[in-house]
Structures are given as C-alpha cells and as structure tokens.
Amino acid sequence: MRIPDFTLERYFARWEFSAPYLLCSSDIEGWRMSELLALADADSRARWEALTLGYTESTGLPALREAIATLYPGLSPEQVLTFAGAEEAVFILMNVLLGPSEHAVVTWPGYQSLHEVARATGAEVTLLPLREEDGWALDVDAVRRALRPNTRLLVVNFPHNPTGSLPEPAAFEALCALAEERGVYLLSDEVYRLLEHAPARTLPAAVERSTRALSLGVMSKAFGLAGLRVGWLACRDAELLRRCAAYKDYTSICNSAPSEVLSLIALRAKEQVLARSRAILEANLKLLDAFFARHTDTFRWVRPRAGSVAFPKLLRDTPISTFCQTLIDREGVLLLPGDVYDFPGNHFRLGFGRTNLPEALSRLERFCEATFR
C-alpha cells in the first residue's frame with residue numbers, strides 16, 4: 001500500500017508537544033488516572049487490581065464490549081468489535097470493503113484517513129463538500145447524486161469534525177434510508193456523539209437505523225481518554241465484523257489490557273464522565289460566543305451544534321497558514337489552518353475542549369488586536 005503523508009498528523013507532530021496552548025485540539029481535556037480510578041465500581045476496581053499484562057481477547061474484553069453495546073439500544077456485545085483507536089477501525093474496514101473496482105463517497109472537509117485510506121485500496125473516492133453558506137448542513141440530495149452503481153461505501157462524520165455540524169433528524173433518517181435503498185454500506189463516524197450542545201438534538205446511532213450501517217466510536221473524544229487508544233465498530237452484519245476481526249490479526253491483534261479496564265471504568269460511569277465533558281464545552285462556548293461577537297470584522301463562524309471543534313473563517317487578507325504560523329511564533333497558541341484539509345478559503349479548526357482555553361483565547365485576542373488594529 002502507498003499512501004500520502006497524513007498532513008494533519010504531520011502538523012501536530014511538529015507542534016502538539018511544543019506549543020504551550022493548543023487551541024485546535026479535537027479532544028476533551030484528558031482525565032487524570034487517579035480521578036478516573038476513583039469512579040470505578042467494585043468489579044472494575046477488582047479487575048484493575050488483579051490485572052496481568054498479557055495478551056487480551058482479539059475482539060475485546062467481553063465486559064468492555066457489553067458496556068459499549070449499552071450505547072446502542074438493541075445491539076448485543078457480539079455486534080461490537082474493538083480496535084486500537086478509531087483510526088485502526090477505519091483502516092481495517094476500508095481494506096476489507098474496498099478495492100480497485102469500487103467507489104466510495106466521503107463528506108469533506110474531514111479527517112484525512114476517511115478518504116485517503118479508501119483511495120489507497122485502489123477505490124475511486126468522491127469528496128462531498130459541506131458548505132459554510134449552508135451552515136455546513138448535510139445535503140442528502142447531493143449524496144444521492146454522488147452514488148454510482150459501483151458505490152460500495154458511504155462515509156459520513158456527524159457530529160462533524162471540523163465544523164461541529166449536526167444533521168436535522170429528517171436528513172439523518174433519509175441518509176440511513178438511502179443506504180438501505182441503494183445497498184451501500186454506511187460508515188457513520190460518531191466519535192463526537194453524546195457531545196451535542198442541546199441534548200435534545202442527539203441523533204440515534206446509524207447502526208440503530210440501518211442494517212447497512214456501522215457506527216464508529218472511540219474513548220478519545222466525548223470521554224476525554226485519548227491516551228487509552230480504544231475504539232470500536234458497532235455493526236449488525238456478523239460476516240463483515242468477522243472479516244474485520246480476521247484482518248485485525250495483521251495489525252494490532254488485540255487491545256492493551258490496562259486500556260480495556262480503564263475504558264470499562266469510564267463507560268460504567270459514563271454519566272459522570274460525559275457531564276464533565278459537557279461542562280467544559282459549555283463554559284468555553286460562552287467565551288467563544290463573546291470573542292467572535294467582539295471580532296466580527298476579523299472572523300466569521302457558524303456556531304457548532306455538537307462536539308468540541310469549530311471551523312471559523314479569517315476575513316482578513318492574510319493567508320490562514322501565515323496567520324497561524326505568526327500566532328504560534330508570537331503567542332505560543334496553535335490553530336489548525338484549513339489548508340491541512342486541502343479545503344479552500346481561509347478557515348481554521350478551533351478546538352474548545354481544553355481547560356486552558358481562557359488563557360489561549362486571551363492570547364489570540366491580544367494577537368489580533370496588535371495585528372489588525
């Protein structure tokens with residue numbers, strides 16, 4: 001397999017651990033080990049204290065799969081397969097499903113692996129752009145027009161990274177029905193699900209709505225546990241999951257034993273874990289609302305409806321890559337320029353899941369006032 005460099009990850013490799021302020025991170029502030037362990041129930045605590053560091057079951061710890069299945073009403077643990085992060089799940093699924101004679105449709109802008117891994121299998125990929133002028137909304141008619149007789153896979157990501165958009169329920173239901181109607185698999189990247197800013201807007205998981213759907217989840221985003229590297233696919237197609245499990249024998253083989261137990265602790269205490277994540281986002285969104293209201297001549301944004309990222313646009317003549325580079329040099333604040341997505345315009349990804357956002361935002365404001373006064 002030959003695959004291009006992952007532009008976003010190469011950008012983070014350069015700056016993520018040297019920049020003092022990450023104002024573009026896609027995840028939620030990570031939990032401290034002691035705080036997470038304090039949430040453990042008796043069974044999880046006993047598992048942690050008795051843990052041995054050997055190989056684990058390749059499909060995932062049974063108790064962990066059971067806990068994940070509770071996120072999807074009507075699904076059983078056998079319909080969940082775990083991976084070393086969501087990235088591995090994407091890589092394996094696309095290599096199982098796609099090949100040179102096939103076609104995939106992928107929403108864009110988006111995480112690069114969602115389209116580049118598909119291309120690397122030899123499949124043809126159609127990028128389906130979301131548009132700022134439409135509020136980054138999903139256009140189901142555009143999806144329908146993009147499908148071909150040889151389309152094998154439709155890939156969507158909602159809540160969306162990097163825009164924070166979320167479809168209306170009717171559009172989402174129509175999307176799932178379209179996958180059923182056309183007989184294509186629907187990979188629904190739902191890693192930001194449960195971080196809806198208005199809980200009433202929470203959509204059902206795609207796997208609940210279509211036998212052709214796979215719901216992708218991970219501990220990294222909503223649960224604030226990126227360091228565990230535990231992701232999963234939930235799917236009602238037993239044969240497809242079997243093929244993915246067999247392919248996994250050539251990648252990670254199995255998950256980390258400590259990560260599985262720590263994930264189990266978090267999932268069993270999900271209400272507390274999610275409440276913490278939502279509180280961080282709510283506080284930071286209030287600050288961002290005020291910031292963008294003060295700087296309407298410099299920025300435009302479509303307020304995100306879910307998740308921990310947004311995709312504002314710089315309205316000045318300065319190229320966004322230059323703006324971001326100068327900002328990191330002068331203030332130590334990292335933003336992600338939209339050109340890492342090869343997306344036109346002067347957009348940038350802004351992350352608001354970290355607790356030091358107030359100071360990072362203050363530095364960004366100081367920089368803007370000095371640069372554009």
Side-chain angles (χ1 to χ4, degrees), residues 26-29 67-75 86 107 110 130-141 143 156-180 186-210 213-225 232 234 266-293 301-312 350-354 357:
S26 62
D27 59 343
I28 301 293
E29 185 82 19
I68 294 169
T70 65
L71 302 174
Y72 308 101
L75 261 67
T107 50
L130 306 180
R131 304 182 188 281
E132 183 187 33
E133 57 266 32
D134 299 330
W136 305 115
L138 175 69
D139 183 343
V140 179
D141 288 334
V143 176
V156 298
N157 164 218
F158 295 109
H160 186 248
N161 173 9
T163 69
S165 71
L166 189 67
E168 294 297 331
F172 183 74
E173 296 291 348
L175 181 75
C176 295
L178 179 60
E180 290 276 357
L186 171 63
L187 173 59
S188 181
D189 177 349
E190 298 168 357
V191 299
Y192 291 97
R193 187 168 178 266
L194 307 178
L195 290 184
E196 293 76 14
H197 303 155
R201 289 179 174 168
T202 303
L203 295 170
V207 70
E208 298 173 48
R209 288 295 188 260
S210 172
L214 301 99
S215 288
L216 176 69
V218 77
M219 298 304 298
S220 304
K221 309 301 184 184
F223 296 97
L225 292 165
W232 60 84
L267 287 165
R268 286 179 171 175
K270 61 180 178 288
E271 296 307 323
Q272 293 162 272
V273 172
L274 292 171
R276 170 188 180 269
S277 297
R278 291 165 181 154
I280 293 171
L281 296 181
E282 183 179 0
N284 286 343
L285 271 171
K286 290 178 180 177
L287 296 177
L288 289 172
D289 283 336
F291 172 85
F292 284 114
W301 81 325
V302 177
R303 194 183 196 272
R305 300 177 68 184
S308 55
V309 291
F311 206 46
L350 184 150
F352 51 95
R354 299 295 178 90
L357 178 136

Practice prompt. Keeping to residues at least two apart or across chains, list the salt bridge (Lys or Arg N to Asp or Glu O under 4.0 Å) pairs with something in residues 192-210.
Written response: Glu173-Arg209, Arg193-Glu208
Discussion item. I need the Leu194 CG to Arg278 CZ distance, nearest 0.5 Å.
Written reply: 6.0 Å
Discussion item. The criterion is salt bridge (charged side-chain N to carboxylate O under 4.0 Å, His left out); which residues satisfy it with Glu168, sequence neighbours excluded?
Written reply: Arg305
Fill in: Value rounded to 0.5 Å, distance of OG in Ser215 from CD1 in Ile68
12.0 Å
Response to the item:
What one should report as the nearest heavy-atom pair of Ser165 and Phe158 is OG-CE2, 3.5 Å
Fill in: Any residue meeting side-chain hydrogen bond (donor to acceptor under 3.5 Å, both in side chains) with Ser308, in chain and number order, not counting sequence neighbours
none
Practice prompt. Just jot down the side-chain hydrogen bond (donor to acceptor under 3.5 Å, both in side chains) partners of Asp289, sequence neighbours excluded, or say none.
Written response: Arg303
Worksheet item: Would you say His160's side chain and Leu166's backbone share a donor-acceptor pair under 3.5 angstrom?
Response: no
Worksheet item: If you look at every heavy atom in Tyr72 and Ala234, which pair is closest and at what distance?
Response: CE1-CB, 3.8 Å
Practice prompt. Tell me, please, which residues at least two apart from Tyr192 pass ring pair (Phe, Tyr, Trp, His ring centres under 6.0 Å).
Written response: none
Worksheet entry | Heavy-atom donor-acceptor pair, Asp189 side chain to Leu216 backbone, under 3.5 Å | no
Worksheet entry | Straight-line distance of Leu288 CG to Phe352 CZ, nearest 0.5 Å | 6.5 Å
Item to complete: Using the test salt bridge (charged side-chain N to carboxylate O under 4.0 Å, His left out), find all partners of Asp27 that sit at least two apart in sequence or belong to another chain.
Response: Arg354
